[in-house]
Novice: 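Mind having a look at this structure? Questions to follow.
The chains referred to below are lettered A, B, ... by the order of the sequence lines, with proteins before strands, and numbering in each begins at 1. Small disclaimer: the values here were computed from a predicted structure and weren't measured.
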Amino acid sequence: MTKRKAQPAATTPAILPPEHFKREDRLTAWFITIAMIALFIGGALGPLQKLEHVGINLYPALAKIGIGSVRIQSYYQGLTAHGVLNALVWTTFFIVGFFTYAIPRSLGRPLKQPRINLLALVLMIVGLVMAAIPILTNLASVLYTFYPPMKASVFFYLGLVLVVVGSWVAGLGYYVTYWQWRKDNPGQKTPFIALAAIITMVMWQIATLGIAIEILVLIIPWVLGWTEGTDPQLARTFFWFTGHPLVYFWLLPAYVSWYAMLPKQAGGKMFSEQLARLVFWLFLVLSIPVGLHHQFVDPGVPAGWKAIHAVITYSLFLPSMATAFTVVASLELGARARGGKGLLGWIRHLPWGNPSYTAQNLAMILFVFGGIGGLTNASYNLNLAIHNTAWVPGHFHLTVGSAATLTFFGIAYWLVPALTNKPLASRRAALAQAWTWFVGMLLMSNGLHILGLNFGVPRRTSLGSAPYLDPAWNPLQIEAAVGGIILGISGLLFFGNMLATALSRKRAEVREEMPVAEPLHPEYQTPAWLDNWRPWIVATILLILIAYGPVLVSMIANINLTSPGVQIR
Amino acid sequence: MHIDRYERLFIYAAVALLVVFMGALAVSSFAFGIRVPTAYEKVDPRTVATPPSPWGLPAEERLRELSPGNYEVYLLGQMWQFSPNTITVPAGSRVTFYVTSKDVQHGFKIAGTNINIMALPGEVGVLTATFDTPGTYNFYCHEYCGALHHTMYGQIVVEE
Ligand code: HEM
Ligand SMILES: [Cu+2]
Ligand SMILES: [Cu+2]
């Protein structure tokens with residue numbers, strides 16, 4: 001191992017002009033367009049779910065719309081599409097698109113092998129189509145977790161695998177570019193955005209091994225009839241090996257923007273750049289060995305291992321707290337530079353008129369509530385109170401549905417103008433969009449949280465048709481449904497604005513660029529261990545082996561391939 | 001590495017908070033006995049609902065009084081019902097639930113209690129609760145299990 005001392009770049013070079021990134025920008029445009037189409041379809045189903053809960057069942061009407069067998073026929077088919085299209089497709093395609101834009105710009109060079117990233121796009125599209133057809137024809141109504149032994153069409157699983165493999169290939173395209181950058185810039189520290197984004201991709205690559213094993217070893221041979229049964233408990237364990245880091249895969253791109261882009265938009269600087277680097281390394285190490293916190297009430301997992309994962313999950317709270325401090329401090333720097341004064345008076349001087357900023361700041365506020373709820377979920381036996389109740393969708397609409405999604409909306413408000421070289425069609429509509437999402441989400445999430453906690457209302461359930469539907473739930477049900485409708489309107493404002501921007505004939509006066517915040521203290525030397533992959537990768541693998549090794553080995557040794565399963569239609 | 005003084009204090013405070021939370025969790029699980037399910041035993045879902053398996057008994061015989069006020073119940077989940085789906089015990093009873101499934105995954109949560117278990121084919125989930133307050137407690141299937149998932153529920157009747 002060669003010892004290198006990372007040096008700060010003498011000056012932060014301006015981003016290369018856009019003509020250097022034509023290929024990257026085309027790829028990004030494809031990725032985020034597909035992401036938005038997925039969210040449009042998946043998101044539209046959300047208000048329908050909430051309306052069903054309060055007795056307005058639009059599914060029979062929806063079943064009449066469609067071509068041939070391509071149509072949404074039931075609540076659960078719709079919920080499958082909602083989960084897959086929003087949580088898996090919108091997020092993954094947007095993130096890969098965002099990184100394809102941001103990593104080359106951060107490194108100051110185009111992709112070394114753009115064909116690799118083109119291949120990634122093709123694989124992901126083929127996988128998406130392959131999984132979408134069975135979902136839309138009701139041959140895979142198994143929800144986005146596809147827990148065995150519910151059986152879906154084999155193409156559903158193959159499609160998901162291809163999407164994941166495509167994202168791996170996208171990662172490879174970034175790595176070769178980064179590799180070359182390291183060779184050409186010996187001793188230079190990696191620019192922050194590139195480092196953080198590449199750490200995110202590496203974490204994702206390791207994490208998705210779980211789902212890959214689940215599908216390729218436990219599911220596909222069984223769905224094809226090569227084995228008579230499968231092991232639902234083991235399958236769940238592999239699923240959540242990927243499932244928890246999945247939530248960090250959604251969140252870390254938002255953190256990239258909050259840390260390194262938003263302060264620039266607010267006129268500030270990165271308060272604590274070194275700590276930010278440490279935070280991303282910690283997420284690499286700690287995101288994966290915590291998956292059992294989704295399985296606290298599973299019958300076949302020893303309680304001791306559940307407790308160990310609970311403790312590691314708690315430690316994961318720390319990098320998020322550091323993020324909260326650094327990001328707020330960076331924004332405060334901006335607000336004070338813009339004339340803000342007083343203990344809290346500076347908050348008014350944040351750029352609230354800028355929709356890209358406002359959306360992301362509101363996303364952060366919603367994430368505070370999401371984080372508190374998450375800590376509750378992770379709290380071992382406290383989980384008994386809320387596991388699989390309406391509390392859980394209440395929680396994750398604040399995280400993936402707001403911290404990630406509303407931040408991605410905020411990013412889109414500069415990224416789409418940057419890609420198209422057109423001004424955002426309506427700033428006011430965009431501001432209204434951010435605020436309506438905020439208000440709608442507060443209402444929906446509050447209602448869902450309390451329904452779950454106080455009444456034990458189950459999640460993933462078409463409550464409007466349930467025999468146990470209780471009038472005592474009405475006030476909260478209505479609150480949540482009103483929230484859901486406001487969210488639906490907010491979604492329409494977003495898509496309308498994006499479409500109007502893309503179709504407009506106006507040219508931007510000044511082309512939007514990626515905002516890149518500078519560190520407050522460029523003079524501080526970044527220690528070499530914060531720019532060295534080896535110790536962090538080793539720590540990641542070691543911790544996975546410690547936290548998952550023994551429990552997985554014993555589960556595999558006692559594998560129980562006895563569940564023949566049921567084909568779901 | 002340079003970390004701002006206030007930021008350092010903030011992180012220390014977060015650590016302290018977590019230590020307090022962990023202490024609270026330890027107390028609640030050891031002193032108050034609020035346990036999560038743990039690995040118990042494996043069963044074969046293909047035969048679990050036929051005798052001599054305890055889940056193969058008629059539903060009425062699946063609730064047994066082991067000693068005065070001390071019950072066990074063998075609860076089977078299947079698409080789309082629980083059996084037994086009404087469990088009647090006197091107030092003050094301690095009931096241990098042995099929960100499994102014979103087809104797909106189901107969930108079992110009794111509203112207003114700390115009983116929450118995944119019902120997985122091939123596994124047995126075990127938890128114990130004491131029912132002191134008379135009344136009717138609904139339990140719901142909380143894991144999606146197919147087209148009529150929302151109809152799958154039952155009741156615990158705690159009598160005076
Ligand atoms: C238009 C705004 C939205 C509304 C009104 C909405 C509403 C809902 C509701 C009521 C549920 C619970 C259904 C149930 O448990 O039976 C749900 C589930 C879910 N939502 Fe949303 N949602 C919206 C947007 C989003 C977004 C933006 C995301 C993610 C990016 C998302 C991800 C999910 C996921 C992953 C589930 C869980 C599906 C499952 O349990 O299998 N939703 N949504
Ligand atoms: Cu998690
Ligand atoms: Cu169910």
Novice: Go through Ala322(A), Pro299(A), Pro232(A), Gly229(A) and name the one with the most non-hydrogen pairs under 4.5 angstrom from chain B.
Specialist: Pro299(A)
Novice: Stepwise, does the side chain to side chain donor-acceptor pair (under 3.5 Å) test hold for Thr389(A) with His142(B)?
Specialist: CA-CA 7 Å; Thr389(A) 67; His142(B) 64 47; over 6 Å; no
Novice: Are Met118(B) and His387(A) packed together at the side-chain level, in the sense that at least one heavy-atom pair is separated by less than 4.5 angstrom?
Specialist: yes
Novice: Need one label for Phe108(B): side chain, backbone, both or neither, based on atoms under 4.5 Å from any heavy atom in chain A.
Specialist: neither
Novice: Looking at Arg236(A), His521(A), Glu273(A), Arg459(A), which makes the most heavy-atom pairs under 4.5 Å with chain B?
Specialist: Arg236(A)
Novice: Under 4.5 Å heavy-atom distance to chain B, tell me which part of Phe271(A) shows up: side chain, backbone, both or neither.
Specialist: side chain
Novice: Side chain to side chain contact (heavy atoms under 4.5 Å, CB included) for Arg35(B) and Asn381(A)? Distances and angles first, verdict last.
Specialist: CA-CA 6 Å; Arg35(B) 300 284 160 79; Asn381(A) 50 11; over 6 Å; no
Novice: Should Phe10(B) and Thr326(A) count as side-chain neighbours, where that means a heavy-atom distance under 4.5 Å?
Specialist: no
Novice: Check whether Ser74(A) gets within reach of chain B through its side chain, its backbone, both or neither, counting any heavy atom under 4.5 Å.
Specialist: neither
Novice: OG of Ser563(A) to CZ of Arg46(B): how many Å apart, nearest 0.5 Å?
Specialist: 8.0 Å
Novice: Under 4.5 Å from any heavy atom of chain A, what part of Val99(B) do you find: side chain, backbone, both or neither?
Specialist: neither
Novice: Take Glu143(B) and Met150(A), measure what side chain to side chain contact (heavy atoms under 4.5 Å, CB included) needs, and give me the verdict at the end.
Specialist: CA-CA 12 Å; Glu143(B) 188 51 82; Met150(A) 279 199 291; over 6 Å; no
Novice: Please round to the nearest 0.5 Å and tell me the distance separating atom CG of Leu120(B) and atom CG of Asp231(A).
Specialist: 9.0 Å
Novice: Is it the backbone or the side chain of Leu375(A) that comes under 4.5 Å from a heavy atom of chain B, or both, or neither?
Specialist: side chain
Novice: Please say which of Val36(B), Leu127(B), Ile115(B), Asn116(B) ends up in a side chain to side chain contact (heavy atoms under 4.5 Å, CB included) with Val297(A).
Specialist: Asn116(B)
Novice: What are the two closest heavy atoms between Leu17(B) and Phe317(A), and how far apart are they?
Specialist: CD2-CE2, 4.4 Å
Novice: Looking only at heavy atoms and a cut-off of under 4.5 Å, which of Gly456(A), Pro467(A), Pro564(A) has the most pairs with chain B?
Specialist: Pro467(A)
Novice: Is there a side-chain contact between Gln105(B) and Pro149(A), using heavy atoms and a 4.5 Å cut-off?
Specialist: yes
Novice: Please rank Lys151(A), Gln274(A), Gln77(A) by heavy-atom pairs under 4.5 Å with chain B and give me the top one.
Specialist: Gln274(A)
Novice: Identify the heavy atoms of Tyr468(A) and Met152(B) that sit nearest to each other, and give their distance.
Specialist: CE2-O, 4.3 Å
Novice: Is the CD atom of Glu159(B) crowded by more than 12 outside heavy atoms at less than 6.0 Å?
Specialist: yes
Novice: Heavy-atom distance under 4.5 Å to chain B: side chain of Asp298(A), backbone, both or neither?
Specialist: both
Novice: Compute the centroid of each ring, for Tyr76(A) and then for His150(B), and state whether the two points are separated by less than 6.0 Å.
Specialist: yes
Novice: How many angstroms lie between SG in Cys141(B) and CZ in Arg460(A), if you round to the nearest 0.5 Å?
Specialist: 11.0 Å
Novice: Could you check Asp4(B) against Ser272(A) for side chain to side chain donor-acceptor pair (under 3.5 Å), going step by step and ending with a plain yes or no?
Specialist: CA-CA 8 Å; Asp4(B) 176 79; Ser272(A) 189; over 6 Å; no
Novice: With heavy-atom distances below 4.5 Å as the criterion, would you say the side chains of Thr562(A) and Pro45(B) are in contact?
Specialist: yes
Novice: Are the side chains of Pro458(A) and Phe139(B) in contact, using a 4.5 Å heavy-atom criterion?
Specialist: no
Novice: Locate the shortest heavy-atom distance separating Leu384(A) from Lys109(B); write the atom from each residue and the value.
Specialist: O-NZ, 3.6 Å
Novice: For Pro37(B) and Ala303(A), which heavy atoms make the closest approach, and how far apart are they?
Specialist: O-CB, 4.3 Å
Novice: Under 4.5 Å from any heavy atom of chain B, what part of Leu530(A) do you find: side chain, backbone, both or neither?
Specialist: side chain
Novice: Step by step, work out the side chain to side chain contact (heavy atoms under 4.5 Å, CB included) result for Ile3(B) and Phe325(A).
Specialist: CA-CA 11 Å; Ile3(B) 301 179; Phe325(A) 190 97; over 6 Å; no
Novice: Measure distances from Leu278(A) to the heavy atoms of chain B and classify the residue's part below 4.5 Å as side chain, backbone, both or neither.
Specialist: side chain
Novice: From Leu234(A) CG over to Glu123(B) CD, what is the distance, rounded to the nearest 0.5 angstrom?
Specialist: 9.5 Å
Novice: Taking side chain as everything from C-beta outward and backbone as N, CA, C, O, which of these in Gln567(A) sits under 4.5 Å from a heavy atom of chain B? Side chain, backbone, both or neither.
Specialist: neither
Novice: In Å and rounded to the nearest 0.5 Å, what is the CG to OH distance from Leu318(A) to Tyr12(B)?
Specialist: 12.0 Å
Novice: What option among Val126(B), Thr151(B), Ile34(B), Leu18(B) has the most heavy-atom pairs under 4.5 Å with chain A?
Specialist: Leu18(B)
Novice: Between Val104(B) and chain A, with a heavy-atom cut-off of 4.5 Å, which part of the residue counts as in contact: side chain, backbone, both or neither?
Specialist: both
Novice: Evaluate side chain to side chain contact (heavy atoms under 4.5 Å, CB included) for Leu275(A) paired with Ile11(B), printing each intermediate quantity in order.
Specialist: CA-CA 11 Å; Leu275(A) 192 65; Ile11(B) 294 172; 4.2 Å; yes
Novice: Which heavy atom in Tyr380(A) sits nearest to a heavy atom in Leu25(B), and how many Å separate them?
Specialist: CB-CD1, 4.2 Å
Novice: Can you measure from CG (Asp470(A)) to CG (Asn138(B)) and round to the nearest 0.5 angstrom?
Specialist: 8.0 Å
Novice: At their closest point, which heavy atom of Ala14(B) faces which heavy atom of Met321(A), and how far apart are they?
Specialist: CB-CG, 3.9 Å
